[in-house]
There are 2 protein chains.
Amino acid sequence: MQKQETLTKNQKIILDLIEKSDQPLKAYSILFDVKKKGINAPLQVYRALNKLVKIGKIHKIESRNAFIACKNSKCQIAKATVFSICESCEDVTEIHDHKLSEHLRDFKDNKGMKYNKYNLEFFGLCKKCV
Amino acid sequence: MQKQETLTKNQKIILDLIEKSDQPLKAYSILFDVKKKGINAPLQVYRALNKLVKIGKIHKIESRNAFIACKNSKCQIAKATVFSICESCEDVTEIHDHKLSEHLRDFKDNKGMKYNKYNLEFFGLCKKCV
DNA sequence: TTAATTATGTTATATTATTACACAGCGTTA
DNA sequence: TAACGCTGTGTAATAATATAACATAATTAA
């Protein structure tokens, strides 16, 4: 049984904001939005973001430097993320594909490296933008 | 037959430097190193990097904001990259695994999105660091 | 040989992220 | 209960990453 994390005030404020958006948010846009709630400095935002990433509540879209909520309630997948990104409208969707996950989880390279995490980003054009 | 790109002076200088390193280099460390060759400004470095990424001579390691040379002479894989990253020593290796590439190339999500590119980063501990 | 495209050099600035310091709250444990 | 470790807070300063805007030159295509 995984310990249920209790979030602090700052962490809750920032998680709420990210969960309300279905698209990734950037750190400084988050900062702008939470100033009215008393969060004034970048570091306060980054600290909360780092924690939320760590516990799997949000994911970082590395190629965009932005953060999106994890829709998977179980959050075991914090360490195994797959996203699709539209290069035109920048729409980002988290992908859960059992077969793909299995394939990635089971992947072994020829160097004997032990993987505990991966991040996969697919790029293309979404239906609307084709 | 793919057109063989002719690189400009700046592009060559920067590609040379990156190819001499077997590990990813960061933009400002590149800038520092090429100052003696007359490249003085970040933008000159970023412009060359962007071009080299575009033509597949180098890849960006998104989670590290760093650039590594593509070892694959054919460079068709600029748009389909897989890396392993050691979270302890930060060693980065490009992975070419036929089965994995096939799987990723053929991946279809359930939203009808057309992918033309992907980037996969595996994280863990390399043999030395385990 | 004009026009379009791509690259250059430079200055300034925007964006993303961390260091450093002082201190507060909480649970453990001795 | 006092000392300790751990995690979080608030603030200021600054580091690291990346792009905008402008003028100009070189290269390629029509």
Q: Tell me whether the OP1 or OP2 atom of C/dG9 has a side-chain N or O from B/Gln44 closer than 4.0 Å.
A: yes
Q. Do we see a donor-acceptor contact under 3.5 Å between the side chains of B/Thr93 and A/Lys111?
A. yes
Q. Taking only residues at least two apart or on different chains, which pairs with a member in residues 97-117 of chain B satisfy ring-ring contact (aromatic ring centres under 6.0 Å, His included)?
A. A/His103-B/His103, A/Phe122-B/Phe107, A/Phe122-B/Tyr115
Q.
Could you tell me how far apart A/Asn40 (CG) and D/dA13 (C1') are, to the nearest whole angstrom?
A. 16 Å
Q: Take the protein atom NZ of B/Lys35 and the nucleotide atom P of C/dG9, then report the distance between them rounded to whole Å.
A: 14 Å
Q: Provide, to the nearest angstrom, the distance between the CD1 atom belonging to A/Ile13 and the P atom belonging to D/dG8.
A: 15 Å
(Q) If I take atom CD in residue A/Glu62 and atom P in nucleotide D/dA18, what distance separates them, rounded to the nearest angstrom? (A) 12 Å
Q. B/Ile55 has an atom CD1; how far is it from atom C1' of C/dT6, in whole Å?
A. 13 Å
Using nucleotides 16-20 of chain C, report all nitrogen or oxygen pairs with the protein that are shorter than 3.5 Å.
from	atom 1	to	atom 2	distance (Å)
C/dT16	OP1	A/Lys26	NZ	2.4
C/dA17	OP1	A/Lys60	NZ	2.6
C/dA17	OP1	A/Asn65	OD1	3.4
C/dA17	OP2	A/Tyr46	OH	3.1
C/dA17	N7	A/Tyr28	OH	2.7
C/dA17	N6	A/Tyr28	OH	3.1

Q.
Could you list the cluster mates of B/Phe83? Members are the ILVMFWY residues connected by side-chain heavy atoms closer than 4.5 Å, either directly or through other members.
A. B/Ile61, B/Ile68, B/Ile85, B/Val92, B/Phe123
Q. Between the two end axes of the helix from C/dT1-D/dA30 to C/dA30-D/dT1, each built from 5 base pairs, what angle do you get to the nearest 10°?
A. 40°
Q: Could you check how far NZ of A/Lys12 sits from P of D/dT9, rounded to whole Å?
A: 11 Å
Q: Measure the distance from CD1 on B/Ile30 to P on D/dT17 and round it to the nearest whole Å.
A: 11 Å
Q. Is there any salt bridge (Lys or Arg N to Asp or Glu O under 4.0 Å) pair reaching into residues 18-43 of chain A, and which pairs are they, with sequence neighbours excluded?
A. none
(Q) What's the closest nucleotide to the side chain of B/Thr8 if the choices are D/dT11, D/dG8, C/dA7? (A) C/dA7
(Q) Which heavy atom of B/Lys79 sits nearest to which heavy atom of B/Asn116, and what is that distance? (A) CB-O, 3.6 Å
Q: Considering only NZ, NE, NH1 and NH2 on the basic side and carboxylate oxygens on the acidic side, decide whether A/Lys71 and A/Glu94 come within less than 4.0 Å.
A: no
Q: Starting from C1' on D/dA26, measure out to CD on B/Gln11 and report it in whole angstrom.
A: 13 Å
**Q.** SB check A/Arg64 A/Glu121 (cutoff 4.0 Å)
**A.** no
**Q.** Nearest heavy atoms of B/Cys89 and B/Cys86, plus distance in Å
**A.** N-SG, 3.4 Å
Q: Considering just the side-chain nitrogens and oxygens of B/Asn10, establish if one lies under 4.0 Å of OP1 or OP2 belonging to C/dT8.
A: yes
Q) When you check the phosphate oxygens OP1 and OP2 of D/dT9, does a side-chain N or O of A/Lys9 lie under 4.0 Å from one of them? A) no
**Q.** Sequence neighbours excluded, every pair satisfying salt bridge (Lys or Arg N to Asp or Glu O under 4.0 Å) that has a member inside residues 95-106 of chain B
**A.** none
